[in-house]
*Asks:* 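Got a structure for you, questions after.
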Amino acid sequence: MTKVLKPQDFAGDSHELAPALIGAILLVNGVGGRIVETEAYDRADPASHSFSGPTPRNQAMFGPPGRAYVYRSYGIHWCLNFVCREEGHGAGVLIRAIEPLQGIDLMRARRGLEDLRLLCSGPGRVGQALAITHELNGCRLDRPPFQVLPAPEKTPVVAGPRIGISKAMELHWRFGLSGSRYLSRNFL
DNA sequence: CGAACGATTAGCT
DNA sequence: GCTAATCGTTCGA
């Protein structure tokens with residue numbers, strides 16, 4: 001019986017939780033794999049959706065930690081975040097890439113793609129492969145359909161600038177599993 | 001009420 | 001490397 005991460009495990013700062021989640025297992029209805037890339041976002045961070053305070057879209061970020069914040073990206077993709085820190089703070093960790101491990105055939109069917117390497121290597125791709133939609137916004141991560149298992153003690157993590165943002169580029173809040181071939185992009 | 005803009009991706013040059 | 005696709009959210013008038 002493997003222990004799942006509980007809400008209190010998500011109570012830390014986003015830039016501390018994001019690297020700690022590298023190597024953790026994320027499953028949605030039993031489908032998913034190992035988290036190999038994350039990014040941290042914070043209320044005091046101009047690049048964060050929560051920077052300007054609560055709005056209808058980002059309300060989940062201001063709710064209790066240990067829940068999902070799901071948003072639509074570019075009108076096309078669904079992206080998954082883990083809400084962290086204490087309730088009302090508006091911090092979260094974006095799940096940018098996972099290494100496919102379970103339900104691979106189903107993920108291939110959802111993505112219309114064979115290549116393992118392209119299956120979940122990007123936040124929009126993760127959303128499509130795991131069938132993430134707005135219905136999961138605000139849902140607890142320690143209950144079905146979610147399952148999040150902790151990362152091993154020794155997990156080599158690398159950091160770098162976040163991707164696709166135009167503000168706060170100096171914050172190196174993108175984290176990856178060192179040497180993984182399932183990253184959305186390599187680290188310099 | 002209108003307009004600009006994305007925490008992106010796939011496909012083409 | 002460059003750009004279209006596509007639409008909800010946010011902000012200014």
Side-chain angles (χ1 to χ4, degrees), chain A residues 10 13-22 24 26 28 33 35-63 65 67-85 89-100 107-139 141 157-177 180-188:
Chain A
F10 295 88
D13 285 343
S14 57
H15 60 276
E16 293 171 355
L17 184 64
L21 284 171
I22 299 297
L26 165 65
V28 180
I35 297 173
V36 296
E37 186 179 339
T38 61
E39 278 179 3
Y41 289 91
D42 191 275
R43 173 73 191 265
D45 165 13
S48 173
H49 288 168
S50 59
F51 181 63
S52 297
T55 67
R57 170 174 68 156
N58 66 22
Q59 58 170 340
M61 283 189 90
F62 290 90
R67 303 208 182 197
Y69 163 50
V70 179
Y71 72 93
R72 190 95 129 138
S73 173
Y74 288 86
I76 304 168
H77 306 103
W78 294 106
C79 297
L80 172 66
N81 293 253
F82 292 171
V83 176
C84 61
R85 211 159 164 179
H89 188 78
V93 174
L94 172 68
I95 307 303
R96 286 194 56 89
I98 68 178
E99 172 185 342
M107 291 195 282
R108 280 185 165 136
R110 287 167 175 166
R111 294 269 299 118
L113 237 152
E114 294 296 309
D115 192 345
L116 260 194
R117 214 163 161 171
L118 295 177
L119 216 48
C120 306
S121 56
R125 291 165 173 167
V126 170
Q128 188 178 24
L130 303 201
I132 306 288
T133 74
H134 65 103
E135 293 178 14
L136 296 177
N137 190 38
C139 289
L141 297 170
V157 176
V158 289
R162 293 174 291 180
I163 293 177
I165 57 172
S166 56
K167 300 165 186 170
M169 301 293 292
E170 73 283 0
L171 293 178
H172 288 188
W173 280 4
R174 172 179 177 240
F175 304 93
L177 177 61
S180 172
R181 29 184 276 137
Y182 298 97
L183 300 171
S184 67
R185 292 194 207 172
N186 286 323
F187 288 77
L188 304 178

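Just so you know, these numbers come straight off a predicted model, no measurement behind them. Below, read A as the first sequence line, B as the second, and so on, with proteins coming before strands; counting in each chain starts at 1. We use all heavy atoms of the structure for the numbers below, so side chains are in, but hydrogens, waters and symmetry mates are not.
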*Asks:* Summarise protein proximity over nucleotides 5-13 of chain C in one line of letters, 5' to 3': B for base, S for sugar-phosphate only, - for none, counting protein heavy atoms closer than 4.0 Å.
*Replies:* BBB-SSS--

*Asks:* Looking at A:E99 and A:S180, would you say the former's side chain and the latter's main chain have a donor-acceptor pair under 3.5 Å?
*Replies:* no

*Asks:* To the nearest Å, give me how far apart CZ (A:R185) and P (B:dA10) are.
*Replies:* 13 Å

*Asks:* Closer than 3.5 angstrom, by distance alone: can the side chain of A:R162 be matched with the main-chain N or O of A:A40 as a donor-acceptor pair?
*Replies:* yes

*Asks:* How many whole angstroms separate atom CG of A:N137 from atom C1' of B:dA7?
*Replies:* 15 Å

*Asks:* Under 3.5 Å for both distances, Watson-Crick or G-U wobble, that's the pair rule; now give the dot-bracket for DNA chain B, with | marking pairs to another strand and [ ] for crossing ones.
*Replies:* ||||||.|||||.

*Asks:* Just by distance, do the side chain of A:N58 and the backbone of A:H49 share a donor-acceptor pair under 3.5 Å?
*Replies:* yes

*Asks:* Measuring only between side-chain heavy atoms, which start at C-beta, is A:F82 closer than 4.5 Å to A:T38?
*Replies:* no

*Asks:* Say whether, by atom type as modelled, one donor and one acceptor occur between the side chain of A:S14 and the main chain of A:Y41 under 3.5 angstrom.
*Replies:* yes

*Asks:* Looking at the side chain of A:S166, which of B:dA10, B:dA7, B:dG6 is the nearest nucleotide?
*Replies:* B:dG6

*Asks:* Expressed in angstrom and rounded to an integer, what is the separation of A:L183 atom CG from B:dT9 atom C1'?
*Replies:* 17 Å

*Asks:* Verify, without hydrogens or angle tests, whether A:R174 (side chain) and A:P161 (backbone) share a donor-acceptor contact under 3.5 angstrom.
*Replies:* no

*Asks:* A:L118 CG to B:dT8 C1': how many Å, rounded?
*Replies:* 14 Å

*Asks:* Give a yes or no on whether the backbone of A:S121 and the side-chain of A:R125 come within a donor-acceptor separation of less than 3.5 Å.
*Replies:* yes

*Asks:* Quick one: which of A:V83, A:L136, A:L94 gives a side chain to side chain contact (heavy atoms under 4.5 Å, CB included) with A:Y69?
*Replies:* A:V83

*Asks:* Sub-3.5 Å donor-acceptor pair from the side chain of A:R108 to the main-chain atoms of A:E114, do we have one?
*Replies:* yes

*Asks:* What is the distance from CG of A:L94 to C1' of B:dG6, rounded to the nearest Å?
*Replies:* 13 Å

*Asks:* Can you tell me how far P of B:dT9 sits from CD1 of A:I132, to the nearest Å?
*Replies:* 14 Å

*Asks:* Measure NE2/A:H15 against C1'/B:dA7 and give the value in whole Å, please.
*Replies:* 18 Å

*Asks:* Quote, to the nearest angstrom, the P distance that separates B:dG2 from C:dT6.
*Replies:* 23 Å

*Asks:* Which of residues 157-165 of chain A sit near DNA chain B, with a heavy atom under 4.0 Å from it?
*Replies:* A:I163, A:G164, A:I165

*Asks:* Between A:D115 and A:R117 (side chain of the first, backbone of the second, donor and acceptor by atom type, cut-off under 3.5 Å), is there such a pair?
*Replies:* yes

*Asks:* Just checking A:R111: base, sugar-phosphate only, or nothing, at a heavy-atom cut-off of under 4.0 Å?
*Replies:* sugar-phosphate

*Asks:* Is there a donor-acceptor pair closer than 3.5 Å between any side-chain N or O of A:R43 and the backbone N or O of A:S50?
*Replies:* yes

*Asks:* In whole angstroms, how far is the C1' atom of B:dA7 from the CD atom of A:E39?
*Replies:* 6 Å

